[in-house]
Amino acid sequence: MARWIGYSHDGRAGFGRLDGEEIAVHEGDLFDAPRPTGTVLALGEVVLDLPCRPSKVIALWNNFSAMAEKQGLTPPVAPLFLLKPANTYRPSGAEIAVPDCAGRILFEGELGIVIGKRSRDLTPDQAAAHIFGYTCVNDVTALEILKADPSFAQWTRSKGLDGFGPFGPAIATGLDPETLSVKVRVNGRERQTYPLSDMIFRPHEIVAMISRGMTLEPGDVIACGTSNGSGPIPKGATVEVEIEGIGILSNRFS
């Protein structure tokens, strides 16, 4: 297993492999044989940045059996999803200024799949080799915007405001998501926890189905959806999304 992070150090952006509290700096392309430079930085010397730069973040809805049962939803025959634009991306540690128009906002702690190879029209068996690793995602939602117009659910606007798609702190390779769980804390108090084994569509199935007619690029992130327990983010609160082996995505919402 390896954990990869992006960072800023002395005004310069970089990436590297995280080992405890040290970063082995690499160069080249994270998704195509990155090369170690021999430089090692202390984690405390850098500012965390995004671990990758997606061309798109795809966010799933209704992908957990427990939530579907509780809300009376029919399990979908294919992934239901929306796209989150680049203005939503924020790294762990970034403070997120909530727009005045947002109203009540919700956290949704999720597993993020990070694509490692250009992907189109894959089978599930092929898709597994196109997954580079996994990250933590907070798919933030402005609930009042989502439901403002009864004729049209505003999924993109409600989930596409500035800072509403933080992910990180790292991309972890070599994980088996089936053995892991997602935990979310608000101001240190656990508010959401659920097992990833409850997913309706598994990661390789998700990648295969979404790749039908939609090209996935290296660095693209697919947020696998959330389960029961999503809840409000009070003004000034710090939200932490934790998945074992990846780390803790932490952001303050002001």
Side-chain angles (χ1 to χ4, degrees), residues 1 3-5 48 50-52 54 57-71 73 75-76 79-82 84 88-94 96 105-115 131-141 143 159 163-207 220-233 237-253:
M1 189 186 84
R3 289 198 299 158
W4 296 90
I5 65 168
L48 283 179
L50 295 171
C52 62
V57 168
I58 299 167
L60 269 64
W61 162 252
N62 190 16
N63 190 41
F64 282 83
S65 298
M67 191 188 81
E69 181 179 356
K70 184 176 181 179
Q71 297 191 19
L73 302 172
L80 306 175
F81 63 88
L82 57 105
K84 294 177 78 84
T88 65
Y89 308 164
R90 296 292 187 276
S92 184
I96 296 171
I105 63 172
L106 304 179
F107 65 79
E108 297 179 19
E110 305 187 11
L111 174 74
I113 302 166
V114 181
I115 300 299
I131 296 174
F132 178 78
Y134 299 93
T135 192
C136 301
V137 178
N138 187 356
D139 181 11
V140 182
T141 306
L143 188 62
K159 291 175 173 286
F164 274 30
F167 66 92
I171 302 169
T173 64
L175 293 181
D176 178 7
E178 298 275 334
T179 66
L180 304 176
S181 61
V182 177
K183 297 180 180 180
V184 181
R185 293 179 293 273
V186 179
N187 289 335
R189 183 175 179 181
E190 188 169 286
R191 293 295 190 180
Q192 184 180 36
T193 181
Y194 62 91
L196 290 167
S197 59
D198 188 48
M199 280 189 280
I200 294 170
F201 299 110
R202 302 306 196 247
H204 64 288
E205 296 171 326
I206 293 169
V207 172
D220 282 353
V221 174
I222 303 173
C224 293
T226 198
S227 190
N228 295 326
S230 175
I233 303 175
T238 296
V239 179
E240 297 174 314
V241 180
E242 180 175 11
I243 302 175
E244 184 180 355
I246 299 173
I248 300 172
L249 169 67
S250 179
N251 299 94
R252 181 176 184 270
F253 290 79

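Computed over heavy atoms, backbone and side chain alike; hydrogens, waters and symmetry mates excluded.
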* **Heavy atoms from other residues, nucleotides or ligands near CD of Glu244 exceed 12 (cutoff 6.0 Å)** => no
* Point-to-point distance, once rounded to the nearest 0.5 Å, from CG of Leu111 to OG1 of Thr226 -> 11.0 Å
* Given side chains that start at C-beta, do those of Val57 and Tyr89 come closer than 4.5 Å, heavy atoms only? -> yes
* Asp198 side chain to Ala66 main-chain N or O, any donor-acceptor pair under 3.5 Å? -> yes
* Asked: Between NZ of Lys70 and OG of Ser65, what distance do you get to the nearest 0.5 Å?
  -> 15.0 Å
* Asked: Can you name the closest pair of heavy atoms from Arg202 and Ser197 and give their distance?
  -> NH2-O, 3.1 Å
* To do: Would you name the heavy atoms of Pro75 and Asn62 that are closest together and state the gap between them?
  => CA-ND2, 4.4 Å
* To do: Apply the test side-chain contact (heavy atoms from CB on, under 4.5 Å) to residues Phe167 and Leu50: give CA-CA distance (whole Å), side-chain angles for both, the deciding distance (0.1 Å), then the verdict.
  => CA-CA 7 Å; Phe167 66 92; Leu50 295 171; 3.7 Å; yes
* **Heavy-atom side-chain proximity of Val186 to Ile233 below 4.5 angstrom** => no
* To the nearest 0.5 Å, tell me how far Leu196 CG sits from Leu180 CG. => 6.0 Å
* Side chain to side chain, Ile246 and Leu175, heavy atoms closer than 4.5 Å -> yes
* **For the student: nearest non-hydrogen atoms of Phe201 and Pro79, plus distance** => CE1-N, 3.7 Å
* To do: Could you tell me whether the side chain of Val140 reaches within less than 4.5 Å of the side chain of Phe253, counting heavy atoms only?
  => yes
* Asked: Roughly how far, to the nearest 0.5 Å, is OG1 of Thr238 from CZ of Arg252?
  -> 6.5 Å
* Close side-chain approach of Trp4 and Cys52, heavy atoms under 4.5 Å -> no
* Test side chain to side chain donor-acceptor pair (under 3.5 Å) on Lys183 and Thr193 and set out the steps. => CA-CA 4 Å; Lys183 297 180 180 180; Thr193 181; 5.4 Å; no
* Distance-minimising heavy-atom pair for Gly168 and Leu249 -> O-CB, 3.6 Å
* Structure fact -> In short, Gly247 meets Pro169 closest at the heavy-atom pair C-CD, 4.0 Å
* Is Ile113 close to Cys224 at the side-chain level, that is, under 4.5 Å between some pair of heavy atoms? -> yes
* Asked: Side chains of Val114 and Pro54: closer than 4.5 Å at any heavy-atom pair?
  -> no
* **Expected output: side-chain Ser230 to main-chain Phe107 donor-acceptor under 3.5 Å** => yes
* Structure fact -> Per side-chain contact (heavy atoms from CB on, under 4.5 Å), Val239 is matched among Asn187, Asn251, Asn138 by Asn138
* Close side-chain approach of Leu60 and Asp139, heavy atoms under 4.5 Å -> no
* Asked: Can you tell me how far CD1 of Ile5 sits from OG1 of Thr135, rounded to the nearest 0.5 angstrom?
  -> 11.5 Å
* Asked: Rounded to the nearest 0.5 Å, how far does CD of Glu110 lie from OH of Tyr134?
  -> 15.0 Å
* To do: Would you confirm whether Ser250, through its side chain, and Ser92, through its main-chain N or O, come within 3.5 Å as a donor-acceptor pair?
  => no
* To do: Taking Lys159 for its side chain and Phe164 for its backbone only, find out whether a donor-acceptor pair lies under 3.5 Å.
  => no
* Count the heavy atoms of every other residue, nucleotide or ligand shown that sit under 6.0 Å from CD of Glu178, and state whether that count exceeds 12. => yes
* Structure fact -> Heavy-atom nearest pair, Asn228 first then Met67, reads OD1-CA, 3.2 Å
